[in-house]
A.B. asks: 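Just passing along the structure, written as structure tokens.
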Amino acid sequence: MSGVYARTIFPWLLELSVGGERFARERAKALRSAYGEVLEVGFGTGLNLPHYPRGVTRLVALDPEQMLPAKVSKRISAVSFPVERVRQTGERLPFAANRFDCVVTTLTLCTVADPVRVLREIRRVLRPGGTYLFLEHGRGTKPRVARLQDWLNLPWKYSGVARGCNINRPIDSLIVQSGLRIASLERYVLGRPRILTEMYRGFATS
Ligand SMILES: C[S@@+](CC[C@H](N)C(=O)[O-])C[C@H]1O[C@@H](n2cnc3c(N)ncnc32)[C@H](O)[C@@H]1O
């Protein structure tokens, strides 16, 4: 993906598609038990920032891209905890083991190149008893939806609009494969089109 597209068009598409009220409610629900030192993998444009609860003491915000710098700085200055930005992919996290109380991903496991590797890294950097909180979209429960997702995944992924987003990843199985233990999982459909809105929300422990 070209740098110009990544820095200009994609961030605005992101704001329009997942920056509204509907996703704000989803973000708040997914993040309500975040606390302590938190790592967010795939920070994007900081849309989760207003939804972190009081118990969060510090956020490390990791993303390979730095998008909409002015908007993101404004969002960062509006929260009460310090935010450190790290420009890096999640497949190799530059942190010691057992460091974070919580790790968060929202709408990110669809896009990373190697989701199981990212999840293994998340497990490594979570302190024992720490929590991985997730809000993701992925593979549908109904076979006919999953089949349609399989057919449309490649055209969607390489369409230019989606910037590498996969619509058919079985998020729960990927989490389990990484060795994390799912403690809570909600599966639901968040509007239409269903191939893009099969949701997975919950948390897992190391
Ligand atoms: C669809 S956006 C979601 C952004 C944000 N999490 C949100 O909920 O609005 C996916 C994000 O994942 C980031 N990303 C892509 N590949 C990644 C990787 N390998 N590791 C970490 N983040 C990655 C992208 O730069 C982008 O910010």
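The figures that follow rest on heavy atoms only: side chains count, while hydrogens, waters and symmetry mates do not. Just follow the structure's listing: the first ligand is 1, and inside any ligand the first atom is 1.
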A.B. asks: To which protein heavy atom is atom 19 (N) of ligand 1 closest, and what is the distance rounded to 0.1 Å?
C.D. replies: E91 OE1, 2.8 Å
A.B. asks: Using a 3.5 Å distance criterion without hydrogens, assess whether the side chain of E84 forms a donor-acceptor pair with backbone atoms of L62.
C.D. replies: no
A.B. asks: Using a 3.5 Å cut-off on N or O atoms only, is T108 in polar contact with ligand 1?
C.D. replies: yes
A.B. asks: Atom 18 (C) of ligand 1: which protein heavy atom is closest, and how many Å away?
C.D. replies: V112 CG1, 3.5 Å
A.B. asks: Between Y188 and R201, do the side chains contain an N or O donor and an N or O acceptor separated by less than 3.5 Å?
C.D. replies: yes
A.B. asks: If we set the cut-off at 4.0 Å for heavy atoms, which region of C110 has an atom near ligand 1: side chain, backbone, both, or neither?
C.D. replies: neither
A.B. asks: Using only atom types and a distance under 3.5 Å, with no angle test, would you say the side chain of N153 pairs donor to acceptor with the backbone of I167?
C.D. replies: yes
A.B. asks: Which ligand 1 atoms does M67 reach within 4.0 Å, using its non-hydrogen atoms?
C.D. replies: 27 (O)
A.B. asks: Please determine if T111 has a nitrogen or oxygen closer than 3.5 Å to a nitrogen or oxygen of ligand 1.
C.D. replies: no
A.B. asks: Looking only at atom types and distance, does a side-chain atom of T197 sit under 3.5 Å from a main-chain N or O of G191, one as donor and one as acceptor?
C.D. replies: yes
A.B. asks: Any chance you could measure T105, atom OG1, to I122, atom CD1, to the nearest 0.5 Å?
C.D. replies: 5.5 Å
A.B. asks: Does any N or O of ligand 1 fall below 3.5 Å from an N or O anywhere on R27, backbone included?
C.D. replies: yes
A.B. asks: Which part of L14 is near ligand 1, with near meaning a heavy atom under 4.0 Å away: side chain, backbone, both or neither?
C.D. replies: side chain
A.B. asks: What pairs of donor and acceptor atoms, side-chain ones from residues 90-103 against any protein atom, are under 3.5 angstrom apart with sequence neighbours left out?
C.D. replies:
from: E91; atom 1: OE2; to: A113; atom 2: N; distance (Å): 3.1
from: E91; atom 1: OE2; to: D114; atom 2: N; distance (Å): 2.9
from: R99; atom 1: NE; to: E37; atom 2: OE1; distance (Å): 3.4
from: R99; atom 1: NE; to: E37; atom 2: OE2; distance (Å): 3.4
from: R99; atom 1: NH2; to: E37; atom 2: OE2; distance (Å): 2.8
from: D101; atom 1: OD1; to: R127; atom 2: NE; distance (Å): 2.7
from: D101; atom 1: OD2; to: E37; atom 2: N; distance (Å): 2.8

A.B. asks: Below 4.0 angstrom from a heavy atom of E65, which ligand 1 atoms are there? Numbered from 1 as shown, please.
C.D. replies: 25 (O)
A.B. asks: With respect to Q88, determine whether any N or O atom, backbone or side chain, lies less than 3.5 Å from an N or O atom of ligand 1.
C.D. replies: no
A.B. asks: Please could you name the atoms of ligand 1 that L47 approaches to less than 4.0 Å, counting only its heavy atoms?
C.D. replies: 9 (O)
A.B. asks: Which residue holds the protein heavy atom closest to atom 10 (C) of ligand 1, what is that atom called, and what is the gap in Å?
C.D. replies: L107 O, 3.6 Å
A.B. asks: Would you name the heavy atoms of E40 and Y52 that are closest together and state the gap between them?
C.D. replies: OE1-OH, 2.6 Å
A.B. asks: Ignoring hydrogens, what is the shortest heavy-atom contact between N166 and K157? Give both atom names and the distance.
C.D. replies: OD1-CD, 3.4 Å
A.B. asks: Can you tell me if T57 uses its side chain to pair, donor with acceptor, with the backbone of G36 under 3.5 Å?
C.D. replies: yes
A.B. asks: Could you identify the single nearest non-hydrogen protein atom to atom 22 (N) of ligand 1 and state the distance to 0.1 Å?
C.D. replies: P64 CD, 3.3 Å
A.B. asks: Looking at G44, which atoms of ligand 1 are within less than 4.0 Å of one of its heavy atoms?
C.D. replies: 4 (C), 27 (O)
A.B. asks: Could you tell me the residue and atom name of the protein heavy atom closest to atom 21 (C) of ligand 1, and the distance to it rounded to 0.1 Å?
C.D. replies: G90 N, 3.4 Å
A.B. asks: Taking heavy atoms and a distance under 4.0 Å, where does T89 meet ligand 1: side chain, backbone, both or neither?
C.D. replies: both
A.B. asks: For atom 27 (O) of ligand 1, find the nearest protein heavy atom and state the residue, atom name and distance (0.1 Å precision).
C.D. replies: D63 OD2, 2.6 Å
A.B. asks: Considering only protein heavy atoms, which is closest to atom 5 (C) of ligand 1, and at what distance to one decimal place?
C.D. replies: G42 O, 3.2 Å
A.B. asks: May I ask you to say whether E198 pairs ionically with R187, meaning some side-chain N is under 4.0 Å from a carboxylate O?
C.D. replies: yes
A.B. asks: Which is it for T106 and ligand 1 at heavy atoms under 4.0 Å: side chain, backbone, both or neither?
C.D. replies: both
A.B. asks: Please report the closest heavy-atom contact between Q149 and G140, naming both atoms and the distance.
C.D. replies: OE1-N, 2.8 Å
A.B. asks: Which value, rounded to the nearest 0.5 Å, describes the distance between E26 atom CD and H137 atom NE2?
C.D. replies: 13.0 Å
